[in-house]
Structures are given as C-alpha cells and as structure tokens.
There are 2 protein chains.
Amino acid sequence: MSRAPTSSDVFNAVAEPHRRAILEFLATEERPVGEVVEALGLAQPSVSKHLRVLREVDLVRVRRDGRQKLYRTNAGAIRPLHEWSGSFERFWARHLRRIKERAESKRTEPKRA
Amino acid sequence: MSRAPTSSDVFNAVAEPHRRAILEFLATEERPVGEVVEALGLAQPSVSKHLRVLREVDLVRVRRDGRQKLYRTNAGAIRPLHEWSGSFERFWARHLRRIKERAESKRTEPKRA
DNA sequence: TAATCATATGCCAATATGGGAATATGTCAA
DNA sequence: TTGACATATTCCCATATTGGCATATGATTA
C-alpha cells in the first residue's frame, strides 16, 4: 500500500479553505452556484467540484430551481466535528484553570520566598 | 498553479484519522512515541511523521526524557476548530427547533384539516 | 568508545488533490 | 428544434500525501 484510503469524511471536506468559505457563504441561505463563484472569486468548475465534495458528505444540500441549482449548508453535518473537538474542552479548560490559579496566587502572595 | 497551498493548519492536521487517534491517545497524559506505536498499531516512522505534522501546528508538545520523547496533546490548539464549527450551531439549532415544533403541533392537533 | 535503545529523517512508490481548459449535460426561451 | 444560460464532468498537469524501508541522529549504558 502507499496511501491511506481517502475516507472522504466531514473532517476531510472542511480541511480545504475554499470549502470552508463556501460553507460559510451558504450557511444563512440557499444560493445558486453562480453566486458562489462570484462571491469567492473561484472558477466555476472549481466551485462545482468543491460543492460535489461537500454534497457527498452531506455538508450541503441542493435543489433545482429552473436552470439553477440552489445550494445551502446543512449545518447539522458539522456537528460531529464540533462534538469531536468539544471532547477536548475539559483538557484546555483544565489548562486555563491552572494558568488562572497561578495568576491568582501570584497576586495574593506577591513576594513568595 | 496546480494545487492550493497545503496551508498546514489545524484543520488539515486533524483531517487524517490516524492523527485524530493520536490526539485522543495523548490527550490525558504524555506518552513516549513507542507507546503510540503500540497503541495504534502503526509503524514507528509513520507515527513520527504524524507527530511532526501535529507538532508543526502545535497540536502536540514534546519534552525529552532520557532517550525517549514524551508527547502530549495541546488541547488548546483544537479550540479554533471547535469555535469554527460552533459558529454553525445556531443554524443546526434552528433546524432542530423547527423539527421539534412540527412534532409538537402534530401531537397537539393530531387530525389537522 | 562501542553497543544499544528510542526516535527522526530521507527516499521511493502509489495515490489523492486542486486548478485550468474544454466540453458535456440539463433547462428554459424563442 | 435551436440557441442561450447554468452547472457538472473530464482530462491533464503539478504537487501533496502517506506508507514502507533503510538509515541517520540522539541519548544512555557497558
């Protein structure tokens, strides 16, 4: 073997900066591809390809409207990411608490030893 | 040009499943590389490479201890991810609320029209 | 210093990826 | 049906990525 299976998942999909920008752009309301192209300043085929990746992991949903296709972010698909990263919260919280405590004690006993 | 700069950032670093596993493994306490190798069943060079990527975005911290190097997850570096994904929370929350409301109304007026 | 243990790096092969350009597909209007 | 518009797909290229293997580097012990 020479490379891990691409496992196209949500983590992978949001690893691309342009795709994150697309998700942000489509978060508030559905929009046609053309507007994404214009808003992000990318080439149309590029946008279509990114949208495909996002579609495949259900990060966006589409609906046809005449000749256009209206895309919108499916925020729910972002939850796994939020939950995964949130599972580390207690660790960084602990860290912050330690820092805070150290600052407090320094304030309380300014001249230790 | 032919490919976007890899912009090795946190998003990119956690896109790799093995790296996520490493972060989880190293979240609770620091451990030598050898233990990561054993725990994940990966080859040692592979682990070292993944750790390098994680180190470069400050997702892990190292400290030498004799011949070993002790790695641990720096949870704080995961926060940007958590915050980014959290910025979509209101959208999925809105969605869930709509679903809930629909269920409620169905319960309240079982035979509409 | 030599041998050993622990980890890192270099190199290669196979594959994945993203952009660009051209083209295909699908939908509507005349 | 033909033409125009909107989006998707294909092909090619350059680069990125990951694993495997061999080897280098760093640190400890004999």
Are OP1 or OP2 of [N] and a side-chain N or O of [X] less than 4.0 angstrom apart?
{"X": "B:R64", "N": "D:dA27", "answer": "yes"}
{"X": "A:R19", "N": "C:dG18", "answer": "yes"}
{"X": "B:R52", "N": "C:dA8", "answer": "no"}
{"X": "A:Y71", "N": "D:dA8", "answer": "yes"}

For atom [atom1] of [X] and atom [atom2] of [N], their distance in whole Å:
{"X": "A:Q44", "N": "D:dA4", "atom1": "CD", "atom2": "C1'", "result": "15 Å"}
{"X": "A:E16", "N": "D:dT15", "atom1": "CD", "atom2": "P", "result": "17 Å"}
{"X": "A:L42", "N": "C:dG18", "atom1": "CG", "atom2": "C1'", "result": "11 Å"}
{"X": "A:E30", "N": "D:dA6", "atom1": "CD", "atom2": "P", "result": "17 Å"}

For this session: Answer yes when B:K100 and B:E104 have at least one side-chain N-carboxylate O distance shorter than 4.0 Å, and no when they do not.
Result: no
Exercise. Does a salt bridge link A:R72 with A:E29, judged by any charged N lying under 4.0 Å from a carboxylate O?
Worked result: no
For this session: Name the nucleic acid region contacted by A:S46, choosing base, sugar-phosphate or nothing; use a 4.0 angstrom heavy-atom cut-off, strictly under.
Result: sugar-phosphate
For this session: Could you tell me whether A:P45 contacts a base, only the sugar-phosphate backbone, or nothing, with contacts defined as non-hydrogen atoms closer than 4.0 Å?
Result: base
For this session: Compute the centroid of each ring, for B:H82 and then for A:W92, and state whether the two points are separated by less than 6.0 Å.
Result: yes
